[in-house]
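Letters A, B, ... are given to chains in the order of the sequence lines, protein chains preceding strands, and every chain is numbered from 1.
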Number of protein chains: 2
Amino acid sequence: MVSRARTSTSARMSTSARIPVWEDALRQHGYRLTAPRQAVVEIVAESGRALNPTEIYDRARVAYPRLGLVTVYRTLEKLEELHLVQRVHRPDNCQAFIAGVEGHQHLLICQNCGRVQYFSGDQLEALIQRVEADTGYQVHDHWLQLFGKCGEC
Amino acid sequence: MVSRARTSTSARMSTSARIPVWEDALRQHGYRLTAPRQAVVEIVAESGRALNPTEIYDRARVAYPRLGLVTVYRTLEKLEELHLVQRVHRPDNCQAFIAGVEGHQHLLICQNCGRVQYFSGDQLEALIQRVEADTGYQVHDHWLQLFGKCGEC
DNA sequence: CCCACCGATGAAAACCTTTTTCAATGGACT
DNA sequence: AGTCCATTGAAAAAGGTTTTCATCGGTGGG
Ligand SMILES: [Mn+2]
Ligand SMILES: [Mn+2]
Ligand SMILES: [Zn+2]
Ligand SMILES: [Zn+2]
């Protein structure tokens with residue numbers, strides 16, 4: 001039970017509930033909330049998959065056809081700076097972005113459809129201490145990602 | 001003691017001992033062992049840090065000035081295919097390569113100087129089972145990387 | 001030994017993605 | 001209305017990787 005409790009997959013905010021939160025965050029940091037930004041925010045906030053800049057561009061242009069690709073890059077830059085999105089690294093593609101979560105969590109990625117889930121509760125402390133003792137390194141951070149096949153695939 | 005034994009940092013082949021091994025592997029797969037390839041192999045096999053194609057290019061040209069950057073890319077392609085090198089992903093740079101190791105191991109990377117060490121013996125089985133149960137995903141693979149500061153830094 | 005073949009090479013061109021530049025736009029505030 | 005200035009999209013530039021191509025040169029067969 002104790003060990004069970006240490007791992008949790010996040011019951012995240014529903015994807016559409018993110019939109020007003022992100023919009024507020026942008027405004028509260030002095031950024032204007034413009035139509036092209038809203039178009040980008042809507043796509044990224046609602047996606048359960050990590051998306052490339054060009055994928056975001058293509059999808060957001062459906063709602064806002066005048067959008068320029070540069071604005072996608074610039075909006076992603078701001079969303080990343082505010083920790084609202086994070087980059088997802090995969091063997092073949094490290095240029096994709098997904099909505100972030102608060103605190104320290106890890107990614108579980110479907111190798112088939114790209115669907116992403118977060119989880120937390122790794123127990124790496126003991127491992128890290130051993131590696132530190134063995135190597136003389138001081139460990140300050142870690143990446144853990146699981147890859148597999150999601151329920152739908 | 002049991003848990004200690006499950007974690008090990010690899011007492012790897014000395015870096016220079018890799019060179020003949022890699023050269024044999026290339027030959028045995030039908031690739032010719034040419035001077036430009038040898039220059040690339042020597043740099044990558046002997047490096048304790050992950051190197052970009054252009055870093056490899058610059059270093060290898062010291063020994064073989066006629067070398068073209070394209071040959072660096074092509075040689076890396078073959079070394080990766082033979083699992084002699086692997087790509088190292090970092091927050092800011094996913095285009096660097098380091099000598100691989102046999103079997104399943106993980107990377108420990110110095111954030112200051114880029115020095116890389118391998119370790120094995122994570123105990124993720126229980127965590128993975130829990131995440132699978134919670135999410136309905138089937139986990140087939142994982143990435144674990146530690147970042148920190150090495151003894152020299 | 002000579003030749004034909006073909007893998008390998010480097011230069012140049014093409015390509016693709018990301019960043020920078022720039023003039024124009026249009027909110028926010030007075 | 002008028003000023004300020006963040007924001008925008010187009011275009012250019014930059015940066016990195018891949019493709020193309022003519023040439024080179026090692027190897028194996030004649
Ligand atoms: Mn963790
Ligand atoms: Mn592992
Ligand atoms: Zn899936
Ligand atoms: Zn170091």
What's the [atom1]-[atom2] distance between [X] and [N], to the nearest Å?
X: Glu55(A); N: dC16(C); atom1: CD; atom2: P; value: 16 Å
X: Gln38(A); N: dT8(D); atom1: CD; atom2: C1'; value: 15 Å
X: Tyr31(B); N: dG25(D); atom1: OH; atom2: P; value: 23 Å
X: Tyr57(A); N: dA10(D); atom1: OH; atom2: P; value: 7 Å
X: Leu33(B); N: dG25(D); atom1: CG; atom2: P; value: 17 Å
X: Lys78(B); N: dT18(D); atom1: NZ; atom2: P; value: 12 Å
X: Leu69(A); N: dA11(D); atom1: CG; atom2: P; value: 14 Å
X: Glu77(B); N: dA8(C); atom1: CD; atom2: P; value: 12 Å

Any donor-acceptor N/O pair, Arg87(B) side chain to Cys94(B) backbone, under 3.5 Å: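 Pair found, side chain donor or acceptor close to backbone of Cys94(B).
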
Side-chain donor or acceptor of Arg27(B) paired with backbone N/O of Leu33(B) under 3.5 Å: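 No: the side chain of Arg27(B) does not pair with the backbone of Leu33(B).
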
At 4.0 Å (heavy atoms only), tell me whether [X] reaches a base, stays on the sugar-phosphate, or touches nothing.
X: Arg66(A); answer: sugar-phosphate
X: Arg37(B); answer: sugar-phosphate
X: Tyr64(B); answer: sugar-phosphate

Pair His104(B)-His106(B), side-chain donor/acceptor within less than 3.5 Å: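 Checked: His104(B)/His106(B) side chains pair up, N/O donor to acceptor below 3.5 Å.
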
Distance-only side-chain donor-acceptor flag, Glu42(B) / Tyr64(B), under 3.5 Å: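 No, Tyr64(B) and Glu42(B) have no side-chain donor paired with an acceptor closer than 3.5 Å.
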
Test of ring centre spacing under 6.0 Å for Trp143(A) and His89(B):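 No.
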
Heavy-atom closest contact (Arg90(A) atom, Ala96(A) atom, distance):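 Looking at all heavy atoms of both residues, the shortest contact is NH2-CB, 3.5 Å.
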
Nearest heavy-atom neighbours spanning Arg18(A) and Ala45(A):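 Minimum heavy-atom separation between Arg18(A) and Ala45(A): NH1-O, 2.5 Å.
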
Under-3.5 Å N/O pairs linking protein and nucleotides 2-4 of chain D:
none

Any donor-acceptor N/O pair under 3.5 Å between dG10(C) base and Arg74(B) side chain: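 Indeed, a donor on one side and an acceptor on the other fall under 3.5 Å apart.
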
Side-chain N or O of Thr34(A) closer than 4.0 Å to phosphate OP1/OP2 of dT8(D):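 Yes, within the criterion.
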
Residue whose closest nucleotide on DNA chain D lies nearer the 5' end, Thr54(B) versus Leu67(A):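 In this pair, the answer is Leu67(A).
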
